[in-house]
Amino acid sequence: MAARPWRVIGVSLALAVTAWIWTLAGALFLLRWIAVDRPPPPPPPLLPYGELRIGVDASYPPFAAVADDLYGLEIDLGQMIASRLNAPVRFVNMGFDGLYDSLKADQVDLVLSALVIDASRMGDVRYTLPYFNAGLVLVSPAAEPLQAVDQLPGRQIALEFASEADQLAHAWLRRVPPFVILPYELPDYALDSVRQGTADAALVDAVSARLYLRLHPNWRAVSQHVTDVLYAGAVRSDRGALQRAIDQALAAMMEDGTLAQLVSRWL
Amino acid sequence: MLSSRQWFRYNWLWLVRLVIVYSVLQLLSPAPPRAPLDGPHTVETTQPHICVHTRLIDEVFEWKIQRSLQMVRELGATSIVEFFPWAYAEPERGRYDWASFDRIIRHAGDQGLRVIARMGLVPAWARPDRDGQRTTLNYLPEDAYDDFAAFVASFARRYAGRVNHIIIWNEPNLAFEWGYQQVDPVGYVRLLRAVYGPVHDANPDVVILAAPLAPTLEPPGSPHGLNDLLYLEALYRAGGATYFDALAIHTYGFTEPPAAPPAPDHLNFRRAELLYALSQRYDRPDKPVFITETGWNDHPRWTKAVRPSQRVAYTVDALIWAQQRWPWLDSLCLWVLRYPASTRSYPDNFTLITPDFQPKAVYLAVQAYARGWERTEDLWLPAPGE
């Protein structure tokens with residue numbers, strides 16, 4: 001009878017040692033398993049649906065619009081990008097409100113719709129390289145160029161009434177000595193007034209300026225960006241490989257002049 | 001045992017340290033509110049039907065909410081429509097955080113403004129994918145209708161007497177607003193039915209507004225949405241009239257002046273008349289009507305925009321049109337006062353004031369009309385001659 005406690009203690013000790021040995025073996029196995037050098041998991045396919053699905057709000061000429069079919073600078077740009085990715089392209093036309101959500105809901109791979117880079121969205125999306133600057137420009141005769149705000153005092157600046165340019169000019173009036181604002185009903189009228197010598201410069205958006213200068217090729221004028229509004233594509237934040245591939249395509253298009261030619265074709 | 005004097009002698013240094021730590025923590029704590037109420041104010045207007053849709057819920061600073069509402073009052077508008085997202089107020093089932101709603105409603109009351117509350121935006125816990133990664137915030141599964149109803153009822157109870165007008169959802173005739181599902185008027189009626197009883201129990205004076213529909217011509221079966229006239233008719237045919245107390249309408253002028261005649265296959269400001277006529281066929285004739293979004297956009301490129309000068313004229317003409325010809329209308333709400341930050345695209349050109357509170361020309365024109373102020377000066381120069 002007296003030997004029984006020793007037997008119990010012995011069995012318990014053996015069990016404890018066995019458990020400890022197994023735990024140690026398990027830990028060693030785990031460490032070894034973690035340490036094994038495995039090949040990384042295969043990257044997800046660049047275009048899992050076998051095509052580049054591009055979301056556009058086709059209500060924004062000359063960037064994207066719809067007649068019988070979609071057309072515009074961004075439609076051509078999307079086709080060029082897809083071509084450089086060796087993928088077929090499919091455009092999905094939607095309202096502006098749904099553009100970012102369509103990325104989240106995996107309805108499209110890329111949004112190419114005059115999106116302006118917005119830092120507050122960078123948790124959800126990655127932006128591509130910008131492809132156009134739609135900011136405001138100061139247009140003046142090449143013979144008497146006005147290219148900076150501190151050249152404005154005492155001059156006459158034409159612009160479109162109630163436009164963004166109008167707001168900016170009023171903000172400038174708080175920054176430099178007075179200049180005269182000539183408000184017109186249309187940006188083209190503001191540019192007319194410069195071309196005809198009434199105003200010293202016009203403050204208009206870059207697209208209006210480019211379209212006007214195309215219509216008046218004999219007028220020698222210079223335009224200087226005074227604000228930057230950069231248009232870029234957007235992909236979902238977990239599609240880094242796609243963003244890099246699109247950036248490579250855009251960079252190549254900038255390098256070989258294709259992008260500049262494309263912009264000039266439409267603007 | 002130490003006497004109190006002995007205890008103090010041994011511990012005074014710790015007390016000093018405690019006071020220093022407390023002072024530092026006080027410095028780290030949030031600053032007191034810098035938007036003290038300065039009312040109550042009263043709106044001065046000659047046009048009490050004018051209302052403005054605000055976007056205050058995403059505003060970080062309370063003083064900006066106050067400044068926005070001051071500018072609504074100074075405009076001469078009597079009411080605001082504001083969005084109160086479910087996902088913000090009930091981040092976990094049954095745990096409410098009303099702070100962001102409270103401050104909007106407190107300041108609106110201080111400025112003498114009536115609040116029309118629009119409800120929507122589904123928290124992740126009420127969606128099938130609880131990490132919220134694959135469905136949008138507009139995805140409301142049918143088994144969450146009662147949860148949504150409980151939230152709206154809690155809202156109605158909390159703000160009874162201060163907010164008596166509640167809009168259930170927004171533009172459910174668009175797939176985007178219906179969580180990228182096929183739009184479903186009958187399903188929307190089920191949502192209204194789930195909400196109507198609990199909310200009236202919570203606030204007997206509440207006026208439930210059915211969701212305003214997006215002006216669109218999308219045909220049946222379109223993946224993008226459904227024509228608003230067809231949707232409203234389907235809603236009535238499904239018995240929806242029983243479950244709302246007022247009709248809400250969205251109508252935009254797009255590129256046409258407000259007097260342009262309406263047609264079923266055409267979108268313009270007077271499409272509201274077609275929607276109203278439809279309601280007269282299926283609903284009681286005295287049911288109130290609110291236009292909770294209207295306006296013109298003056299972006300230089302957008303195909304549905306007009307020039308800024310046209311926007312000014314059309315907006316004021318629309319207010320006059322509604323006041324003179326639509327006796328059935330309670331309020332005409334302009335979209336939109338201001339965004340907390342620029343959207344960096346054409347939606348910015350719907351705003352009446354800039355993000356830094358500079359009034360645009362359209363604000364000044366509406367203000368002059370609402371307040372009865374004479375404006376005689378020309379706003380722009382004649383076109384330069386060749």
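Below, chains carry the letters A, B, ... as their sequence lines are ordered, and counting in each starts from 1.
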Which region of [X], side chain (C-beta onward) or backbone (N, CA, C, O), has a non-hydrogen atom less than 4.5 Å from a non-hydrogen atom of chain B, or is it both or neither?
| X | answer |
| --- | --- |
| A/E164 | neither |
| A/D118 | both |
| A/S102 | both |
| A/E185 | both |
| A/L191 | neither |
| A/L115 | neither |
| A/N93 | backbone |
| A/T198 | neither |
| A/V207 | both |

[X] side, atom [atom1]; [Y] side, atom [atom2] - distance, nearest 0.5 Å:
| X | Y | atom1 | atom2 | result |
| --- | --- | --- | --- | --- |
| B/Y346 | A/Y60 | OH | OH | 9.5 Å |
| A/M94 | B/H224 | CE | NE2 | 8.0 Å |
| A/S163 | B/H299 | OG | NE2 | 11.5 Å |
| A/L159 | B/W380 | CG | CH2 | 14.0 Å |

Is the number of heavy atoms from other residues, nucleotides or ligands within 6.0 Å of CZ (B/F61) greater than 12?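 Not buried by this count: 12 neighbours or fewer within 6.0 Å.
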A/E144 atom CD, neighbour heavy-atom count above 12 within 6.0 Å: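 It does not: A/E144 CD has 12 such atoms or fewer within range.
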Looking at side-chain heavy atoms only, is the closest gap between [X] and [Y] below 4.5 Å?
| X | Y | value |
| --- | --- | --- |
| A/D101 | B/Y180 | yes |
| A/V116 | B/S345 | no |
| B/L379 | A/P183 | no |
| B/R307 | A/E160 | yes |

Against chain A, label B/V312 side chain, backbone, both or neither, depending on which of its atoms sit under 4.5 Å from a heavy atom there.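 Looking at B/V312, just its side chain touches chain A.
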Answer with side chain, backbone, both or neither: which region of B/P347 has an atom nearer than 4.5 Å to a non-hydrogen atom of chain A?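 Only the side chain of B/P347 comes within 4.5 Å of chain A.
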Could you report the tightest heavy-atom contact between A/S193 and B/P384, atom names first, then the distance?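 Residues A/S193 and B/P384, closest heavy atoms: N-CG, 3.9 Å.
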Derivation of the side-chain contact (heavy atoms from CB on, under 4.5 Å) call for B/K360 and A/Q167: CA-CA 8 Å; B/K360 295 184 177 179; A/Q167 292 166 37; 3.7 Å; yes
Choice from A/Y184, A/Y189, A/F161 maximising heavy atom contacts with chain B below 4.5 Å: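 The candidate making the most pairs under 4.5 Å is A/F161.
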